[in-house]
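Input: a single structure, listed below in structure tokens.
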Amino acid sequence: PFTYNPLITGLFAKGFLKKVEALQLVMENEGIMPTVVTYNAMIHGLLQSGHVEAARLKFVEMRAMGLLPDVITYNSLLNGYCKAGNLKEALWLLGDLRRAGLAPTILTYNILIDGYCRIGDLEEARRLKEEMVEQGCLPDVCTYTSLMNGSHKVRNLAMAREFFDEMLSKGLQPDCFAYNTRIRAELALGAASKAFQLREVMMLEGISSDTVTYNILIDGLCKTGNLKDAVDLQMKMVSDGLQPDCITYTCLIHAHCERGLLREARKYFNKMVSNRLPPSAVTYTILIHAYCRKGNLYSAYGWFRKMLEQGVEPNEITYNVLIHALCRTGRTQLAYRHFHEMLERGLMPNKYTYTLLIDGNCREGNWADAMRLYFEMHQNGIHPD
RNA sequence: CUCUGUUAACGA
């Protein structure tokens, strides 16, 4: 197991799901018993790649083998459910952890607090923070970073600042993540100058801006209408010795597309490729969207094709963009084809997808299809508005 | 040997 466990972790990190299954068989054949750590590594890997159900099955499997899950097993699964926004299941699991005679750790609390922050339930997040103190776990910089992010989510800048100050008052030293989180909140909630001030503070504290800091600032400038400053900052980033990454370029591509500067956007795309940075699904979706909006479906499909050729998987947003453009131009049948494609890829259409298709069908007078979609949406637990 | 926090895209 000491040889196999790190191997399993490594394979998951590289996204080699099939090889992990193969390795599990090899272990069985050689009579090597998996340990709790083996399962923890597998559960974690499955969750990282979004396979919550498969992870749960591993959890069941390990218990069936007589292995007792430890706090790490629970924390991993808890994190998976929290990330998926399934706090109900997470709470049930927390009960299970306690029933198993285990005590939650600071990570257990941080995971749950982060889960509540992500769904915007700061009341519950706060309550858990108090509970963790009562249980003798002191909130750390990670706890406060989640709380600041949650405050940002509910657009409460004052609250984000309070959490930051409280962190300082507890004698905790904010790290780069904590500063970046606060800076992003300041920028997004209308306090750009405070954001830049904080970057100075951060430097004085001996924490240098990293790529994420720059990306947050560049994106913030783009979104407050300062495209030129954003471009300048990107150049400053390079002169400061930091390499722009895929996200840096994607922010700039998006900003240019929004302003209809598609030529410039393409220039950034080419620059990113020539810097050996592979464009992501987000990058392609932005370009597809820009051409669709312009009414140039031909070019939009050119990008879609390129994306597929490069082996970049389209996601639900990519399909929503295409479906939107097709429905709007009265090509509901073609839109429908994409709808099926997305199901084949295991992507879940959301409320927006259904609405687009229902609207398209209604416009063309296909009431039967529209009604069928409506019921299908209901069956999938999506409530119309 | 395994568990937590920060950045980009659709919005009818």
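All values below come from the heavy atoms of this structure, side chains included, with hydrogens, waters and symmetry mates left out. Each chain gets a letter, A, B and so on, in the order the sequences are listed, and its residues count up from 1.
Using modelled atom types, one finds a donor on one side chain and an acceptor on the other under 3.5 Å when comparing A:Lys58 with A:Gln24. Of the N and O atoms on the side chains of A:Ser76 and A:Asn79, not one donor lies less than 3.5 Å from an acceptor on the other residue. With no hydrogens or angles considered, a side-chain donor-acceptor pair links A:Thr108 and A:Asn75 at under 3.5 Å. Of the N and O atoms on the side chains of A:Asn215 and A:Thr248, at least one donor lies less than 3.5 Å from an acceptor on the other residue. In summary, the side chains of A:Tyr336 and A:His340 do not present any donor paired with an acceptor at a separation below 3.5 Å, with no hydrogens or angles considered. Checking A:Arg372 against A:Asn361 by side-chain atom types alone, no donor-acceptor pair falls below 3.5 Å. Between the side chains of A:Thr181 and A:Thr145, no donor-acceptor pair is found at a separation under 3.5 Å.
Remark: A:Tyr39 engages no residue in a ring pair (Phe, Tyr, Trp, His ring centres under 6.0 Å) (not counting sequence neighbours). For A:Asp240, the salt bridge (Lys or Arg N to Asp or Glu O under 4.0 Å) partners two or more places apart in sequence, or in a different chain, are A:Lys236. Listed by chain and number, the residues in a salt bridge (Lys or Arg N to Asp or Glu O under 4.0 Å) with A:Glu341 amount to none (sequence neighbours excluded). For A:Arg161, the salt bridge (Lys or Arg N to Asp or Glu O under 4.0 Å) partners at least two apart in sequence or on another chain are A:Glu186. In this structure A:Arg126 satisfies the salt bridge (Lys or Arg N to Asp or Glu O under 4.0 Å) test with no other residue, sequence neighbours excluded.
The stretch residues 200-229 of chain A comes close to RNA chain B through A:Val212, A:Asn215, A:Ile216, A:Asp219, A:Lys223, each having a heavy atom under 4.0 Å from the strand. Scanning residues 63-76 of chain A for heavy-atom distances under 4.0 Å to RNA chain B yields A:Ile72, A:Asn75, A:Ser76. In the region residues 334-372 of chain A, proximity to RNA chain B at under 4.0 angstrom, judged on heavy atoms, holds for A:Tyr352, A:Thr355. In the region residues 78-89 of chain A, proximity to RNA chain B at under 4.0 angstrom, judged on heavy atoms, holds for A:Asn79, A:Lys83. In the region residues 143-157 of chain A, proximity to RNA chain B at under 4.0 angstrom, judged on heavy atoms, holds for A:Thr145, A:Ser146, A:Asn149.
Taking atom CG of residue A:Asp140 and atom C1' of nucleotide B:rG5, one finds them 8 Å apart after rounding to whole Å. One can place CG of A:Leu277 at 18 Å from P of B:rA8, the figure rounded to the nearest angstrom. Between A:Leu287 atom CG and B:rA8 atom P there is a gap of 17 Å when expressed in whole angstrom units. One atom, OH of A:Tyr319, and another, C1' of B:rA9, lie 16 Å apart when rounded to the nearest Å. The distance between atom NE2 of A:His256 and atom P of B:rA9, rounded to the nearest whole Å, is 16 Å. A:Asn180 has its CG atom 5 Å from the C1' atom of B:rU6, to the nearest Å. Distance, A:Leu187 CG to B:rA8 P: 12 Å, rounded to whole Å. Atom C1' of nucleotide B:rU6 and atom CG of A:Leu189 are separated by 15 Å, given to the nearest angstrom.
Of all heavy-atom pairs spanning A:Cys117 and A:Ser146, the tightest one is SG-O, 3.3 Å. Taking each heavy atom of A:Ile358 and A:Ala370 in turn, the nearest pair found is CG1-O, 3.9 Å.
At the heavy-atom level, A:Asn315 lies under 4.0 Å from base atoms of the strands shown. Within the nucleic acid shown, A:Arg293 has no heavy atom closer than 4.0 Å to any nucleic acid atom. Across all strands, A:Val141 comes closer than 4.0 Å to base atoms (heavy-atom distances). Within the 4.0 angstrom heavy-atom criterion, only backbone atoms of the sugar-phosphate kind lie near A:Val321; the bases stay farther away.
Between A:Tyr301 and A:His338, the distance from one ring center to the other falls under 6.0 angstrom. Taking the six-membered ring for Trp and the full ring otherwise, the centers of A:Tyr354 and A:Phe339 sit less than 6.0 Å from each other.
For the side-chain contact (heavy atoms from CB on, under 4.5 Å) test with A:Tyr81, the passing option among A:Asn86, A:Leu47, A:Ile111 is A:Asn86; the others fail.
Not one side-chain nitrogen or oxygen of A:Arg118 sits closer than 4.0 Å to the OP1 or OP2 atom of B:rU4. Between A:Arg184 and the phosphate of B:rA8, there is a side-chain N or O to OP1/OP2 separation shorter than 4.0 Å. The phosphate of B:rC3 has OP1 or OP2 within less than 4.0 Å of a side-chain N or O from A:His44.
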Open item on the list: salt bridge (charged side-chain N to carboxylate O under 4.0 Å, His left out), that's the test. Do A:Arg127 and A:Glu123 meet it? Break it down for me.
Closed with: CA-CA 6 Å; A:Arg127 205 196 55 70; A:Glu123 294 299 313; over 6 Å; no

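In the interface, the side chain of A:Asn320 is not paired with the base of B:rG11 through any donor and acceptor atom under 3.5 Å apart. In terms of polar N and O atoms assigned as donor or acceptor, the side chain of A:Ser280 comes within less than 3.5 Å of the base of B:rA8 in a complementary pairing.
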Its dot-bracket string being built from Watson-Crick and G-U pairs below 3.5 Å, with | for another strand and [ ] for crossing, RNA chain B has the pattern ............

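Because its NZ or CZ atom is not both nearer than 6.0 Å to the ring centre of A:Trp92 and within 45° of the ring axis, A:Arg56 does not count as a cation-pi partner of that residue.
The side chain of A:His289 has B:rG11 as its nearest neighbour among B:rU7, B:rU2, B:rG11.
Through side-chain heavy atoms spaced under 4.5 Å, either directly or across other Ile, Leu, Val, Met, Phe, Trp or Tyr residues, A:Leu189 is tied to A:Leu157.
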